[in-house]
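Everything below concerns the one structure shown next.
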Amino acid sequence: MRLFCFPYGGGAASAFHGWAEELPESVDLVAVQYPGRQDRFDDPSPAGIPELAEEIVRAIGPRFDVPTAFFGHSMGGVVAYEVARRLQPRFPSPLALLVVSACRTPAGRHRAGLRFEEDEMRRYIQSLGGSGAKSLDDEAVWELARPVIRNDLGWTEAYQYVPGAPLTCPIVALAGDRDPAATPEDMALWKDYTIAGADTHVLPGGHFYFEDCLPQLAGVLATKLAAAVAPSAASTSSEPTGNRS
């Protein structure tokens with residue numbers, strides 16, 4: 001099956017480097033690259049998360065030739081959800097599974113109240129932890145990352161959930177046991193966003209728990225992806241597979 005991975009705010013497709021090697025060979029991992037970073041540095045940024053979701057829907061529409069799942073971490077969880085709900089009326093049951101990680105529900109998100117001052121943004125990102133936040137201690141790295149961080153924080157601060165029909169695919173919600181930004185109790189509320197059932201899994205660590213337990217996360221993903229693809233395995237067994245990130 002194919003797994004689209006949606007980066008966190010301030011992140012890029014490279015955040016998923018090495019993930020494919022941890023997953024079964026039958027999983028084709030595709031990392032989504034948002035505009036304005038890395039190889040899309042010169043691409044204009046959409047006005048917000050809904051507009052970004054529409055752009056992604058247009059880009060990945062032809063890629064549903066095999067059973068497909070989404071994984072989104074932090075801001076990427078909201079982006080993945082908004083893409084999933086836009087796919088629902090356009091394709092016949094296109095999504096097999098939505099995996100949201102360290103991400104409050106759309107209705108349960110809290111604005112950080114940022115004024116977008118440099119020191120304030122820097123402190124906020126560093127408060128979330130992770131190796132990426134530590135790298136911002138380097139002034140050269142901060143200068144490169146600052147426009148992307150400002151843009152993505154603008155997206156999350158402006159995001160407003162518009163209630164709608166629940167998804168028809170299962171949801172798996174993943175939480176770090178020491179993540180104050182999205183606690184296991186917060187993640188359990190994703191059950192209200194689908195009619196196909198939801199599971200919550202707690203892994204050791206903070207907001208970027210996967211940096212220390214990627215094999216454990218990959219094991220959970222492999223199990224859930226296999227369960228999601230099982231009903232249609234017979235019709236897709238002859239499809240070629242591969243790995244890329």
Side-chain angles (χ1 to χ4, degrees), residues 1-34 66-81 83-84 95-105 125 127-135 152 167 169-191 193-194 196-230 241-245:
M1 72 183 307
R2 183 165 291 126
L3 176 65
F4 286 97
C5 292
F6 295 74
Y8 46 85
S14 58
F16 302 104
H17 178 72
W19 283 43
E21 287 75 10
E22 298 287 342
L23 293 168
E25 292 185 359
S26 58
V27 178
D28 176 23
L29 189 151
V30 180
V32 175
Q33 186 75 292
Y34 304 146
V66 296
T68 301
F70 289 169
F71 172 93
H73 182 77
S74 197
M75 183 190 82
V78 176
V79 178
Y81 167 75
V83 174
L95 197 63
L97 181 69
L98 171 64
V99 183
V100 288
S101 168
C103 171
R104 288 174 179 259
T105 63
I125 295 298
S127 73
L128 297 176
S131 59
K134 292 178 182 177
S135 70
D152 292 3
L167 298 180
C169 68
I171 293 178
V172 172
L174 303 175
D177 62 1
R178 300 189 302 278
D179 182 6
T183 67
E185 293 75 17
D186 295 327
M187 298 304 297
L189 298 177
W190 277 97
K191 69 182 188 304
Y193 288 77
T194 180
D199 294 327
T200 303
H201 291 264
V202 181
L203 297 170
H207 194 65
F208 290 95
Y209 63 86
F210 56 79
E211 292 186 349
D212 298 319
C213 66
L214 182 55
Q216 190 173 346
L217 168 61
V220 173
L221 288 176
T223 299
K224 293 300 181 181
L225 292 172
V229 77
T241 59
N243 289 285
R244 67 187 183 91
S245 61

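Residue numbers run from 1 in the order of the sequence given.
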(request) Provide the closest heavy-atom pair for Ala96 versus Ala228 in the form atom of the first, atom of the second, distance. (result) O-CB, 3.9 Å
Distance-only donor-acceptor pairs under 3.5 Å for side chains of residues 179-186, two or more places apart:
from: Asp179; atom 1: OD1; to: Ala181; atom 2: N; distance (Å): 2.9
from: Asp179; atom 1: OD1; to: His207; atom 2: ND1; distance (Å): 3.3
from: Asp179; atom 1: OD2; to: His207; atom 2: ND1; distance (Å): 2.9
from: Thr183; atom 1: OG1; to: Glu185; atom 2: N; distance (Å): 3.4
from: Thr183; atom 1: OG1; to: Glu185; atom 2: OE1; distance (Å): 3.3
from: Thr183; atom 1: OG1; to: Asp186; atom 2: N; distance (Å): 3.1
from: Thr183; atom 1: OG1; to: Asp186; atom 2: OD2; distance (Å): 3.0
from: Asp186; atom 1: OD2; to: Arg104; atom 2: NH2; distance (Å): 3.4
from: Asp186; atom 1: OD2; to: Thr183; atom 2: N; distance (Å): 3.0

(request) Quick one: closest heavy-atom pair of Ala218 and Leu23, and the distance? (result) O-CD2, 3.8 Å
(message) Please give me the minimum heavy-atom distance between Phe6 and Val83, naming the atom from each residue.
(response) CE2-CG2, 4.0 Å
(message) Quick check for you: to the nearest 0.5 Å, what is the distance between Lys191 atom NZ and Asp199 atom CG?
(response) 12.5 Å
(request) Enter the distance from Phe16:CZ to Phe210:CZ here, rounded to the nearest 0.5 Å. (result) 6.5 Å
(message) Once rounded to the nearest 0.5 Å, what's the spacing between atom CG of Asp152 and atom OG of Ser74?
(response) 10.0 Å
(message) For a quick test of reading the model, state the closest non-hydrogen atom pair linking Val202 to Gly176 and the distance between them.
(response) CG1-C, 4.5 Å
(request) Any chance you could measure Met1, atom CE, to Thr68, atom OG1, to the nearest 0.5 Å? (result) 6.5 Å
(request) Report the residues that fulfil salt bridge (Lys or Arg N to Asp or Glu O under 4.0 Å) with Asp177, sequence neighbours left out, ordered by chain and then residue number. (result) none
(request) Name all residues meeting the side-chain hydrogen bond (donor to acceptor under 3.5 Å, both in side chains) criterion together with Tyr209; count only those two or more places apart in sequence or in a different chain, and write none if there are none. (result) Ser101
(request) Please check if the side chain of Thr194 supplies one atom and the backbone of Leu167 the other of a donor-acceptor pair under 3.5 Å. (result) yes
(message) If the condition is ring-ring contact (aromatic ring centres under 6.0 Å, His included), which residues does Phe71 pass it with, not counting sequence neighbours?
(response) Trp19
(request) Report yes if the side chains of Leu217 and Leu174 come closer than 4.5 Å at any heavy-atom pair, otherwise no. (result) yes
(request) Could you grab the distance from atom OH of Tyr193 to atom CD1 of Ile171, nearest 0.5 Å is fine? (result) 9.0 Å
(request) For the residue pair Asp212 and Pro204, establish whether any side-chain heavy-atom pair is separated by less than 4.5 Å. (result) no
(message) How close do Ala13 and Gln33 get, counting heavy atoms only, and between which atoms?
(response) N-OE1, 2.9 Å
(request) Measure the CG-CZ distance between Leu95 and Phe70 for me, rounded to the nearest 0.5 Å. (result) 5.0 Å
(request) Output all residues satisfying side-chain hydrogen bond (donor to acceptor under 3.5 Å, both in side chains) with Glu22, sequence neighbours left out; order by chain, then residue number. (result) none
(message) My understanding is that only residues two or more places apart in sequence, or in another chain, count here; which of them pass side-chain hydrogen bond (donor to acceptor under 3.5 Å, both in side chains) with Glu211?
(response) Ser131
(message) For a quick test of reading the model, state the closest non-hydrogen atom pair linking Gly76 to Tyr34 and the distance between them.
(response) CA-OH, 3.6 Å
